[in-house]
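Have a look at the structure below, then the notes.
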Amino acid sequence: MATFGGDEVSALVLDVGAGWTKAGYAGEDAPAALFSSWVGAVTDEASEEASATAAAPAAGAEVEMKDASVSDATAAAKTASSNTKYYVNDGGAAPLWRERMEMRAPIKDGIIEDWDTLEQLWDHAFYSSLRVNPTEHPLLVSESAWNTRDVRERLAELAFEKYRVPAFFVCKDAVLTAFSAGRPTALVVDSGAGSTRVVPVYDGYVLRKNVVKQSLAGHQLSEIILNQMESDMGINVVPQYRVKSKTAVDVEQAAKAVLHDRPNTTDSYDRLAKLRVVDEYKESVCQVFETMWDDASAATRPMKAFEFPNGYNRFFGVERLRAPEMLFQPEKFLPPWVPKRDIYRGIPGLIYTSVSGCDVDLRPHLLNNIVVAGGNTLLPGFVDRLNQELSLMAPSTKIRVHAPASSTERRCSSWLGGSILASLGTFHQMWISRKEFEENGAQIVDKKCQ
Amino acid sequence: MNTEDARDILELGGITPARDGRRARRSGAPREKKPDGVNRELFNLIGGLATLPLTETRAKLKERPNFSAKHSRWVWKGFTNSARDDDLVLYHWINEADESTDRSFAGFNNVVDVVEYNEDEYARLLIDRDWSKDETDYLFDMCKRFDLRFIVIADRYDFEGKSRDIEEIKDRYYTVSRRILKLRAGGLSEGLEAYAFDRDREEERKRILDRLFSRTQAQIKEEEALLVEMRRIQQQQRRLQRDHEHVMRLLNIREAPTMPQLPAGSRAGGAGGSSKAHASSNGSRSATATDMETPRPSASIKKKKPPRKESNAAALDRPDIKGEPPTPGSASALADGMPSTPLARKDKLPVGVCLRSSRIQPIRAQTTVNKVLGCFRELSIGPRPVMATERVCANYDQLQQSVLKMLDRKKYADRLEQELRTLKHRRSELSGKPLPDGAAIGAALSSTSASGGGSGLLGDAAFSTPSHSRKRSGGSSATASHKRSRR
């Protein structure tokens with residue numbers, strides 16, 4: 001056992017991201033539960049149908065929506081204080097449609113803001129997905145590199161007081177990502193749903209002063225593409241939940257689909273559902289231009305077809321290359337109507353800013369250990385492009401980019417690092433125990449989790 | 001000789017009892033049959049020995065698990081970690097037989113030794129205008145917390161809203177530690193080297209590293225090109241040096257070569273700082289030059305050809321035409337009046353009857369032969385001596401040697417000249433002032449390299465036959481005048 005330094009104490013690892021929540025047992029190589037961080041909340045004005053089963057309002061929808069999961073209904077919970085019912089989706093990307101359901105995500109710009117939603121996600125992870133009793137398992141939680149002290153203290157309170165875990169630890173997601181790649185010192189380039197951040201990690205410590213982040217990441221990219229589709233390309237993006245049935249049509253012909261009547265749909269749900277369509281478009285069609293952008297050779301790339309949920313389909317040519325180019329050259333490719341478009345910078349630029357802020361002795365190590373993570377980096381050609389731009393940007397140093405090939409590892413890298421860390425024998429002494437928490441209060445988190 | 005003999009010699013003891021075995025075999029024991037395609041000798045050596053065991057490649061089924069063996073029980077058991085100061089009980093699955101109470105992982109809990117000081121020590125030694133006591137305390141607390149990872153300390157440093165850079169932090173930490181340790185050790189400074197910190201130097205080092213880091217692609221390319229150029233120049237100089245030495249040897253001059261010597265350091269060094277290398281090369285060049293002026297042979301020559309100087313006879317024995325000719329002082333053979341016939345040079349006497357003219361030393365390289373013959377043609381001498389008397393043969397041989405030397409020197413002179421022209425051209429290019437015959441140079445260069453052995457060879461180089469130069473006293477003056485006249 002001791003050969004690899006592992007000593008399992010059946011810890012749980014929970015990584016709540018902007019787009020996805022990852023939960024599972026430490027020591028495993030993939031999270032046992034992976035579900036959307038978007039939680040549906042239905043607030044009733046009067047406490048009508050208090051006794052109604054959770055499945056009832058969605059009964060009609062369940063038939064057509066293939067990605068609906070059985071546990072969706074069981075996840076429904078009702079807080080005692082307000083008349084809000086929460087629905088957490090298990091498995092599928094888009095939560096089921098419900099009347100008057102607002103979509104909420106707990107994390108905004110890396111900081112937990114909506115604690116009710118977060119609790120729903122934790123509840124769902126423990127009781128519905130993993131089906132464990134949290135009082136029996138130490139809990140490791142990830143946080144963003146720029147998390148505030150208040151937030152982490154509140155996290156500890158939540159864990160110890162509500163879930164009564166025996167031991168708790170909170171660790172920076174960038175550190176965990178570096179660990180998942182087996183590196184104590186690394187430059188973590190993490191572009192997920194909510195934000196793109198470049199975090200230097202030295203010996204397992206985040207160098208806070210040199211964290212560079214921006215909100216231009218998967219979610220915002222989808223928003224921009226959606227706007228472009230609707231305004232510039234004139235495509236009517238009909239999300240999946242509105243489509244009852246569709247018939248095949250020829251390329252660029254008007255869609256022939258029978259639509260559902262979905263009364264009282266909230267804007268947030270509709271928007272999110274449309275963004276899911278764009279996500280699918282991004283994942284199946286978009287591509288990063290592998291070398292420095294060149295209009296002429298980009299035009300020669302083959303076109304790719306994409307079919308929207310209502311059956312409308314067309315080919316996408318340069319558009320599918322131009323969209324991800326916003327990540328690399330925002331100053332040139334971001335549409336002019338994007339608010340505050342001047343603050344965004346290309347990913348290589350972010351990396352360079354972060355590295356040149358670090359100690360000069362550390363720079364070669366960082367550039368030699370660049371770890372790429374986050375679902376946004378799964379766009380084909382992303383790593384090649386990054387490699388090329390960086391070698392032009394810092395020609396005097398050897399650049400090595402470590403990017404796991406499997407998409408699970410890339411998307412769940414911080415969970416994976418947590419899984420490794422929490423199963424180490426040497427980690428036993430790091431846990432914050434219940435006793436320590438009770439003696440020192442919540443500020444123990446700041447002392448022990450650096 | 002077969003295996004048994006070999007084993008017998010090595011006293012290894014036979015595969016079969018040695019003598020008996022042979023007899024037994026003779027007496028009709030079935031002899032191993034030699035397989036086709038194996039040498040008899042080889043078979044004798046390997047035959048009879050156990051051949052390499054063949055590995056069995058029969059497919060095997062997976063081994064059945066041993067159900068009857070007693071299995072060990074694993075239990076879900078609580079444990080504490082001695083590295084923790086609370087008694088947190090964590091649970092894990094563990095072999096029931098494993099009785100160890102403490103986990104070995106506690107041993108990894110290393111804590112860095114950070115020097116501690118008290119009020120009194122601080123007041124006496126550590127007062128600093130820039131650092132208050134509180135801030136120093138804060139710093140040492142950080143050092144302990146982050147195990148002296150100064151990069152992290154500098155990143156997290158926040159003393160009442162003030163941040164410091166890593167050099168300041170290191171400087172303070174090392175100064176305090178040094179003073180305290182010195183005090184404790186009673187003024188002895190042993191073991192304090194680990195706490196030496198030179199802030200200015202560190203800052204300078206980082207500045208230089210930063211410059212190195214922020215080089216642009218063009219700068220790096222230029223640097224590489226310069227390095228290649230430097231290597232090329234060094235190589236060329238080395239080649240010139242070699243040629244020079246060679247000619248010096250031919251001329252039998254043992255005095256200072258006037259060629260600038262390459263210093264040993266720059267010869268080996270490739271990527272060192274170029275400006276430094278230049279400085280040192282200038283310095284040591286003058287040193288080597290003065291070295292060379294002493295009349296003894298240069299060190300490099302001595303090292304390269306030690307046997308040459310042992311005896312002239314040995315040198316004479318060598319059929320190598322480039323061999324060192326006898327010096328008047330030490331050549332005992334010549335002084336004794338021995339005729340230096342080709343015959344005398346040979347070690348072995350020819351077997352049977354042969355013509356004397358056939359004993360004339362042949363020239364090895366075909367190109368040289370052609371050149372020598374060309375010279376002879378100009379002198380209207382045939383390729384073979386007409387009347388091969390002993391004297392004629394000797395003279396013929398001597399003439400041939402002289403022509404060879406002349407050719408060598410001419411080659412060398414050509415190269416020098418070419419080098420000179422290239423350098424002149426380069427100089428004019430660098431100064432931006434075109435040479436008067438700048439355009440012609442390229443053509444001239446190519447023509448000299450193309451026409452290896454022209455027809456007007458002898459006429460061109462006739463002024464300095466070997467016999468002439470040998471009479472001259474100083475080699476350097478000879479080459480100097482040679483150059484001058486060439487110009």
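As the structure is a prediction and not an experimental result, all values here were calculated from the model. Here is the naming used below: chain letters follow the sequence lines, and residue numbers restart at 1 for every chain.
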Please check if the number of heavy atoms outside [X] that lie under 6.0 Å from its [atom1] is greater than 12.
| X | atom1 | result |
| --- | --- | --- |
| B/Tyr91 | OH | no |
| B/Lys221 | NZ | no |
| B/Arg232 | CZ | yes |
| B/Asp113 | CG | no |
| B/Glu116 | CD | no |

Please report the C-alpha distance between A/Lys447 and B/Arg145 in whole Å, then the side-chain angles of each, then the deciding distance to 0.1 Å, and finally whether the side chain to side chain contact (heavy atoms under 4.5 Å, CB included) criterion is met. CA-CA 9 Å; A/Lys447 217 170 132 196; B/Arg145 259 175 70 183; 5.5 Å; no
How many angstroms lie between atom [atom1] of [X] and atom [atom2] of [Y], to the nearest 0.5 angstrom?
| X | Y | atom1 | atom2 | result |
| --- | --- | --- | --- | --- |
| A/Arg434 | B/Leu88 | CZ | CG | 11.0 Å |
| A/Leu392 | B/Thr216 | CG | OG1 | 11.5 Å |
| B/Glu202 | A/Asp361 | CD | CG | 6.5 Å |
| B/Arg149 | A/Tyr202 | CZ | OH | 7.0 Å |
| A/Trp431 | B/Leu90 | CH2 | CG | 8.0 Å |
| B/Trp76 | A/Glu136 | CH2 | CD | 8.5 Å |

Please state whether the side chain, the backbone, both or neither of [X] comes within less than 4.5 Å of a heavy atom of chain B.
| X | result |
| --- | --- |
| A/Thr426 | both |
| A/Met430 | backbone |
| A/Val355 | side chain |

Could you please spell out the steps behind the side chain to side chain contact (heavy atoms under 4.5 Å, CB included) verdict for A/Asp203 and B/Val152? CA-CA 9 Å; A/Asp203 254 9; B/Val152 183; 5.6 Å; no
Test item: [X] side-chain N/O and [Y] main-chain N/O as donor-acceptor pair under 3.5 Å:
| X | Y | answer |
| --- | --- | --- |
| A/Arg363 | B/Phe213 | no |
| B/Arg156 | A/Arg208 | no |
| A/Lys209 | B/Ala154 | yes |

Which heavy atom in A/Pro395 sits nearest to a heavy atom in B/Gln217, and how many Å separate them?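 Taking every non-hydrogen atom into account, CB-OE1, 3.4 Å.
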Chain A contact via [X] - side chain, backbone, both or neither, heavy atoms under 4.5 Å:
| X | answer |
| --- | --- |
| B/Leu209 | both |
| B/Asp85 | side chain |
| B/Ile166 | side chain |

Candidate pair A/Ser396 and B/Leu212, rule side chain to side chain contact (heavy atoms under 4.5 Å, CB included), full reasoning: CA-CA 7 Å; A/Ser396 53; B/Leu212 206 62; 6.0 Å; no
What verdict does the side chain to side chain contact (heavy atoms under 4.5 Å, CB included) test give for B/Asp155 and A/Tyr205, after you've listed the backbone C-alpha separation in whole Å, the side-chain angles of each residue and the deciding distance to 0.1 Å? CA-CA 10 Å; B/Asp155 183 66; A/Tyr205 291 97; over 6 Å; no
Between [Y] and [X], is there a side-chain heavy-atom distance shorter than 4.5 Å?
| X | Y | result |
| --- | --- | --- |
| B/His92 | A/Asp7 | yes |
| A/Ser433 | B/Arg84 | yes |
| A/Glu439 | B/Asp86 | no |

Assess, by modelled atom type and distance only, whether the side chains of A/Gln429 and B/Asn81 contain a donor and an acceptor separated by less than 3.5 Å.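 Short answer, no.
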